[in-house]
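Here is the structure we will look at, set down as structure tokens.
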Amino acid sequence: MNPIIMHINYGEMTWDSYGKRTVDDICRIAAELGFDGIEFRGAPPKELSYLTFKEYVQQVAEGKKKYGLSTIMFAIGLRGCTDPDAAVRDANIAESVEKAQIVNDLCDTTICNCFASNIRSSISTAPGAAYEFHGSAAATAEDWDLTVDSFKKFAAKVEPLGMKFGFETHMNYIHDLPVPAKKLVDLIDSPAIGINMDYGNTVYFPVRPSVTETIDIYGDKLFYTHLKNSSAVAGGRIPTALGDGEINHRVYLEKLMEVGFTGPIGIEAPRGGDRIWFAQNDLAYFKAVAASL
């Protein structure tokens, strides 16, 4: 059975803010709702910014043990991997390797969400929400070379830990769409580096492969998945409940079963409102669909 992961944004009041909730509260809520684990961000939230990363992860480890969560994940990337200064790149690599060691030691974390550098178009008139102009479309040959080189160095350090890092397919990154994401992973060529399939981000692009085509593109480099949904409206998209938007998650899960995917499945709620209620209902939808397949 795939571990079912609650994305931290269900437990946040607003982005990167827990409000009056604690790490302990969020671990308890996830366990009570029936999740197997949580994906935390790779830095303490605003309310805990006085903590070191290790102190923050220690709180997570305590919550994991107290509430019997099986799988704790973090988002750990190399956001400065295209910096022209080699010393900056090396420092970022060292910092991320240290974080990987900490989460592995304290939380037995073996799979992490991952990001490279944010890349925006050099076309000044390109709208920020026109994602097809940014990320992989705007990446230069140097951006590709530096990203690959940085992650090769990072991978060499984390491979001995037995950890895996999946690039989230996300707007404004070189790994924004399925084909460039798989290209990046293939160029890095490490057992530690793969993909976190977030088709809820992919649907924001006007030209994209289908869910089933996307899973075939990733093949055995699919390490993790994010599930979320939205519907198109004039001029953009509106996030919805998992079962209410345009992505057919029944087809999504059928295909994951067909290819024998055994990795974690993360459920996400990038929308405001009562996120605990969203978590309860999204998980119920997911379990109902999974049970019927």
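All heavy atoms count here, side chains included; hydrogens, waters and symmetry mates do not.
- With contacts defined as side-chain heavy-atom distances shorter than 4.5 Å, the pair I5/F35 does not qualify.
- The side-chain heavy atoms of N281 and Y285, taken from C-beta on, include no pair separated by under 4.5 Å.
- We find that R41 and E12 are joined by a salt bridge, their nearest charged nitrogen and carboxylate oxygen being less than 4.0 Å apart.
- Here the rule is ring-ring contact (aromatic ring centres under 6.0 Å, His included) with H226, and of H170, H7, H249 only H7 fits it.
- The closest side-chain donor-acceptor pair between S136 and D176 falls under 3.5 angstrom.
- A salt bridge between K153 and D149 is present, with a side-chain N of the basic residue lying under 4.0 Å from a carboxylate O of the acidic one.
- Within 6.0 Å of NZ on K157 lie no more than 12 heavy atoms contributed by other residues, nucleotides or ligands.
- A heavy-atom distance below 4.5 Å is not found between the side chains of Y199 and I215.
- One N or O on the side chain of R275 and one on the backbone of R271 form a donor-acceptor pair closer than 3.5 Å.
- The distance between the ring centers of H134 and Y131 does not fall below 6.0 angstrom.
- Taking the side chain as every heavy atom from C-beta outward, I247 and V203 approach each other to under 4.5 Å.
- When only modelled atom types and interatomic distance are considered, E142 and T82 share no side-chain donor-acceptor pair under 3.5 Å.
- Under a 4.0 Å N-O distance rule, the pair R237/E246 qualifies as a salt bridge.
- Aromatic ring centroids of F151 and F165 lie 6.0 Å or more apart.
- With 3.5 Å as the limit, one finds a donor-acceptor pair spanning the side chains of Y224 and E39.
- A salt bridge is defined here as a Lys NZ or Arg NE, NH1 or NH2 lying under 4.0 Å from an Asp or Glu carboxylate O, and R250 with E254 fails to meet this definition.
- Relative ring orientation between H175 and Y173 is described as parallel, the plane-to-plane angle staying below 30° on a 0-90° scale split at 30° and 60°.
- In this structure, K183 does not pair ionically with D186, as no charged nitrogen and carboxylate oxygen lie closer than 4.0 Å.
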- Item | side chain to side chain donor-acceptor pair (under 3.5 Å) evaluation trace for E168 with N201 | CA-CA 9 Å; E168 180 178 342; N201 291 332; 3.0 Å; yes

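- Salt bridge status for D189 with K152: absent, with no side-chain N to carboxylate O gap under 4.0 Å.
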